[in-house]
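Accompanying notes for the structure given below.
In the text below, chain A, chain B and the rest are named by the order of the sequence lines, each starting its count at 1.
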There are 2 protein chains.
Amino acid sequence: MQAQKTRKLAVDAMRPVHRNSLSDEIVDQITGLISRGLLKPGDRLPSEKDLCLRFGVGRTTIREALRSLAVMGILDGRVGEGTFVSVDSRKYLEKALQWGLLIDRKSVNDLIETRLMLESQTACAAASRATDADLDEIADALAGMERSLDRPEEYLEHDLRFHLAIARATQNPILFNLLTMTRGYLQTWIGESLAKPSPRKMRVRAESSVWEHEKVLQALRKRKPDEARQAMTEHILSSSLDFQAQVEANPRA
Amino acid sequence: MQAQKTRKLAVDAMRPVHRNSLSDEIVDQITGLISRGLLKPGDRLPSEKDLCLRFGVGRTTIREALRSLAVMGILDGRVGEGTFVSVDSRKYLEKALQWGLLIDRKSVNDLIETRLMLESQTACAAASRATDADLDEIADALAGMERSLDRPEEYLEHDLRFHLAIARATQNPILFNLLTMTRGYLQTWIGESLAKPSPRKMRVRAESSVWEHEKVLQALRKRKPDEARQAMTEHILSSSLDFQAQVEANPRA
DNA sequence: TTTGACTGAATGTCAGACAACCTGATCCAT
DNA sequence: ATGGATCAGGTTGTCTGACATTCAGTCAAA
């Protein structure tokens with residue numbers, strides 16, 4: 001019993017050992033160089049062959065390390081030129097969030113809800129922060145929509161531009177990125193479902209949609225956050241209803 | 001002038017074209033499989049040699065793709081066994097801790113803002129959708145916080161559990177995932193900065209924090225979405241202010 | 001039942017090669 | 001001299017074959 005107790009404790013004290021791969025080691029070294037300022041954004045790294053010699057490993061290993069950093073947006077490799085430290089290492093966060101969006105199963109309803117939250121909030125934030133240039137861009141997109149009421153694919157393009165311009169106006173790249181992604185996912189569905197119905201109904205829908213967008217823009221111009229959020233929420237809800245009705249009518253995987 | 005205008009428009013319509021590398025294509029395909037549920041956490045992928053045949057590319061390319069996914073914690077390669085879909089998609093948090101030093105202050109602010117939006121909205125949605133089990137879990141986390149007012153790291157753990165339980169109560173996996181990630185990144189900072197101040201101040205802060213959380217829970221129990229959002233917004237704002245004050249006081253590279 | 005050795009398979013790493021591409025210099029025709 | 005075509009060298013992307021390291025499973029011996 002005493003022996004058992006002792007053995008049990010000894011076993012509990014043992015931790016699984018983890019052997020670091022060579023490429024991970026190199027990743028650590030490079031991130032170290034960057035965070036210590038020895039490698040600054042925009043700097044060019046030595047060529048892969050050169051790095052092989054310096055680190056004393058094969059090219060495969062170097063490439064795996066560089067790939068890891070590139071995936072996170074810390075490095076940026078260009079064919080024929082070399083590998084560079086990304087100008088803004090902030091990209092790392094956005095990339096990571098994007099991956100987070102990628103992995104879980106996306107149901108259309110969840111996406112719509114997420115988009116609703118993001119868009120209404122970005123509209124709110126944009127109302128107090130948008131520069132004049134931002135407002136011009138937004139207005140220009142809206143004008144484009146009005147111009148292309150009868151050409152669905154062109155209309156959608158300006159529609160997308162409208163929403164992204166608002167996201168950009170928040171001056172928050174993370175929000176902009178999240179919205180870009182959710183919107184990107186939905187865009188394919190939207191395109192499919194809007195092409196289906198009769199041109200007449202489509203035209204009617206587009207006209208009321210333009211009106212909704214206009215209300216959003218007016219709220220932004222007046223710098224009224226709550227009003228902007230309200231207008232955007234209404235727009236998303238109404239377009240979502242419309243969109244879901246299409247999905248119901250044309251059920252697809 | 002007319003010609004210039006035309007050229008300007010044409011130029012604006014041109015987007016930088018980026019050549020998709022083979023490995024990126026494979027990354028897309030695999031993430032697609034995962035997000036469509038054809039590959040579930042814990043599943044084992046075919047061996048690299050096998051994947052070479054299926055995708056019709058060399059092993060280098062396969063390995064670069066797998067490496068990308070492994071870096072983000074989506075896949076997990078084990079020597080001699082194979083490559084598996086990660087069970088715990090939270091592994092990026094470890095990586096975040098590792099590379100988190102690269103993130104600057106503006107990014108932190110952006111992240112806080114994003115979190116504010118997400119949390120207030122999830123609280124709102126949770127109020128109308130939370131099951132009794134969800135509410136129990138939330139209440140349990142809160143009880144844990146009260147129990148560990150003097151043990152910061154344990155307190156933080158329950159704090160995190162509280163917020164994630166609310167996110168889960170929305171029944172929207174996308175929101176849950178986004179919140180998990182944003183919260184995860186901030187957690188490292190929060191942990192760092194909260195360990196610093198005097199235990200007395202810490203205790204005061206924790207007590208008022210518990211009170212804020214309680215208000216959120218009450219609103220959820222009453223099924224009042226707006227009240228829940230309001231309470232959560234206030235909580236995040238107050239804790240963010242507190243947190244940023246810490247950051248200002250301890251400026252780090 | 002436990003231990004040890006063996007086998008087959010999978011990942012990690014290496015080396016060499018070629019393709020695609022970019023930069024910069026050179027050369028030629030105008 | 002200027003503008004355009006061409007060439008050389010370097011760099012990343014990809015392929016191939018090979019070897020090392022590690023693991024799961026099997027089976028026989030203690």
inquiry  = Assess, by modelled atom type and distance only, whether the side chains of A:D50 and A:S47 contain a donor and an acceptor separated by less than 3.5 Å.
reply    = no
ask   = Separation of A:L51 atom CG from D:dT11 atom P, in whole Å?
value = 11 Å
task = Would you mind reading off the distance between A:L75 atom CG and D:dT12 atom C1', rounded to a whole angstrom?
result = 13 Å
ask   = Just checking, any donor-acceptor pair under 3.5 angstrom between side chains of B:D134 and B:T131?
value = yes
ask   = About how many Å separate OG1 of B:T60 and CZ of A:R63, when rounded to the nearest 0.5 Å?
value = 8.5 Å
Partner residues of A:R59 under the side chain to side chain donor-acceptor pair (under 3.5 Å) criterion, sequence neighbours left out = A:E48
ask   = D:dT12 P sits how many Å from A:L69 CG, rounded?
value = 14 Å
ask   = Rounded to whole angstrom units, what separation is found between the CZ atom of A:F84 and the P atom of D:dT11?
value = 11 Å
ask   = Within a radius of less than 6.0 Å around CD of A:E25, do more than 12 heavy atoms belonging to other residues, nucleotides or ligands occur?
value = no
query = Quick one: bend of the helix from C:dT1-D:dA30 to C:dT30-D:dA1 from 5 pairs per end, to 10°?
reply = 0°
Pairs under 3.5 Å (N/O, protein and nucleotides 7-13 of chain C):
residue	atom	partner	partner atom	Å
C:dT11	OP1	B:T83	OG1	3.2
C:dT11	OP2	B:E48	N	2.9
C:dG12	OP2	B:R63	NH1	3.0
C:dG12	OP2	B:R63	NH2	3.1
C:dG12	N7	B:R59	NH2	3.0
C:dT13	OP1	A:L22	N	2.8
C:dT13	OP2	A:S23	OG	3.4
C:dT13	O4	B:R59	NH1	3.3

inquiry  = Could you walk me through whether A:R161 and A:M145 satisfy the side chain to side chain contact (heavy atoms under 4.5 Å, CB included) test, starting with their C-alpha distance in whole Å, then the side-chain angles of each, then the deciding distance to 0.1 Å, before giving a yes or no?
reply    = CA-CA 10 Å; A:R161 202 154 60 88; A:M145 289 167 68; over 6 Å; no
key: CD1-CD distance between B:I112 and B:E119, expressed to the nearest 0.5 angstrom   = 11.5 Å
request  = Take the protein atom CZ of B:F55 and the nucleotide atom P of D:dT14, then report the distance between them rounded to whole Å.
outcome  = 14 Å
message = Distance check, rounded to the nearest 0.5 Å: A:T31 atom OG1 versus A:I26 atom CD1?
response = 11.5 Å
